[in-house]
Amino acid sequence: MTTTLHTALPTERAGTPAGPELQQKRALFAATDIDPALGVTADATDLAGVSCRTIRAGDTATVLYLHGGGYRMGSPEAYNAYAAKIAAGADATVVLPRYRLAPENPFPAGLRDAVAVYEELASSTDAPIVLAGDSAGAGMAAAVVVAAAAGDIRRPDGLMLLSPWLDLHCSSPFYETASDVFFPLATAESAREDYLQGAPASDPLASPLLADHAGFPPTLIQVGGNEALVDDALGLAESLANANVTCTLEVVAQQGHTWPLIQPDHSISVASIESCARFVRARADEQSTSS
């Protein structure tokens, strides 16, 4: 689907096949089960030509959630359980696009899918829209905000990022000192090469930490104190503060990359998910107060 925002995005390029090792890793992203007690519904839908998973608990807000996986792995089904908890806690609907993955579809293919879904949601609902994601998906969510700022389209009402990968230069000293093993420098560099395939890491649509953050929506950033992406989270929080944008930064001590997904039943993970639900509800409250 060609949209007004798509004309401002880089042109799509041919990619390369995924190797056997990557295909094996992709297979590990199994579907997670939704707790029936949450009372949500889950359906497959199509938005702007992109297959999506929709998990609905209510209509107070829509969360457009972009899954992690280094831009080359992951699936909406792997996020069933996590998204259902956010949807139920916020009385909201969570939409998870099946965006195209690298290396078969390098930058900006997946971003173009995410932008297309966002634009359709922005034109079809009056409820608040919160862009969200984890790891690479968090970087893509921030990049959608950057793209939306360049187009004549409704801005998102919130941005919610877990363990955000925001600078593909991967030059932070935290890569050398972090104790977490789930996203080491070698993995980050390999994922970056599969995704960019010659595109510059300096492009703010690839590294949204480098973007102009004036006009960004209220933002929640969650990062584990043990992970390599602490610097990305701190950098965005500082830039948002300098741009006079409301930002909540939660550095959770002794936690690693995307901890609520890896240990979902741990009390710390439960608290982090509840914080996300409060953030979404706050965006809905803000809209009802201002209308």
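From a predicted model like this one, the values you see are computed outputs, not experimental measurements. Along the sequence shown, the residues carry numbers beginning at 1.
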[X] (side chain) donor-acceptor with [Y] (main chain) under 3.5 angstrom:
| X | Y | value |
| --- | --- | --- |
| Arg13 | Phe107 | yes |
| Arg26 | Ser75 | no |
| Ser207 | Ala201 | yes |
| Ser123 | Glu119 | yes |

Looking at [atom1] of [X] and [atom2] of [Y], how far apart are the two atoms once the value is rounded to the nearest 0.5 Å?
| X | Y | atom1 | atom2 | result |
| --- | --- | --- | --- | --- |
| Tyr99 | Asp113 | OH | CG | 10.0 Å |
| Leu131 | Tyr65 | CG | OH | 12.0 Å |
| Leu261 | His67 | CG | NE2 | 12.0 Å |
| Ile86 | Asp91 | CD1 | CG | 14.0 Å |

same_hphob_cluster([X], [Y]) at 4.5 Å side-chain heavy-atom cutoff:
| X | Y | value |
| --- | --- | --- |
| Met160 | Val146 | no |
| Leu161 | Tyr71 | yes |
| Leu185 | Val223 | yes |
| Met73 | Leu111 | no |

Closer than 4.0 angstrom, basic N to acidic O: yes or no for Arg72 and Asp194?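 Yes, Arg72 and Asp194 are salt-bridged.
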For residues [X] and [Y], report the shortest heavy-atom separation together with the two atoms involved.
| X | Y | result |
| --- | --- | --- |
| Tyr175 | Pro184 | CD2-C, 4.4 Å |
| Thr60 | Ala90 | OG1-O, 2.9 Å |
| Pro264 | Val270 | O-CG2, 3.8 Å |
| Gly225 | Val251 | CA-CG1, 4.1 Å |
| Ala88 | Val40 | CB-CG1, 4.1 Å |
| Val245 | Pro217 | CG1-O, 3.4 Å |

Quick one: are the ring centres of Phe182 and His257 less than 6.0 Å apart?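 No; His257 has its ring centre 6.0 Å or more from that of Phe182.
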Considering residues, nucleotides and ligands other than [X], do more than 12 of their heavy atoms fall under 6.0 Å from its [atom1]?
| X | atom1 | answer |
| --- | --- | --- |
| Gln254 | CD | no |
| Asp126 | CG | no |
| Asp43 | CG | yes |
| Glu238 | CD | no |

Going by atom types alone, do Tyr82 and Asp134 pair a side-chain donor with an acceptor below 3.5 Å?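 Not at all, the side chains of Tyr82 and Asp134 share no donor-acceptor pair under 3.5 Å.
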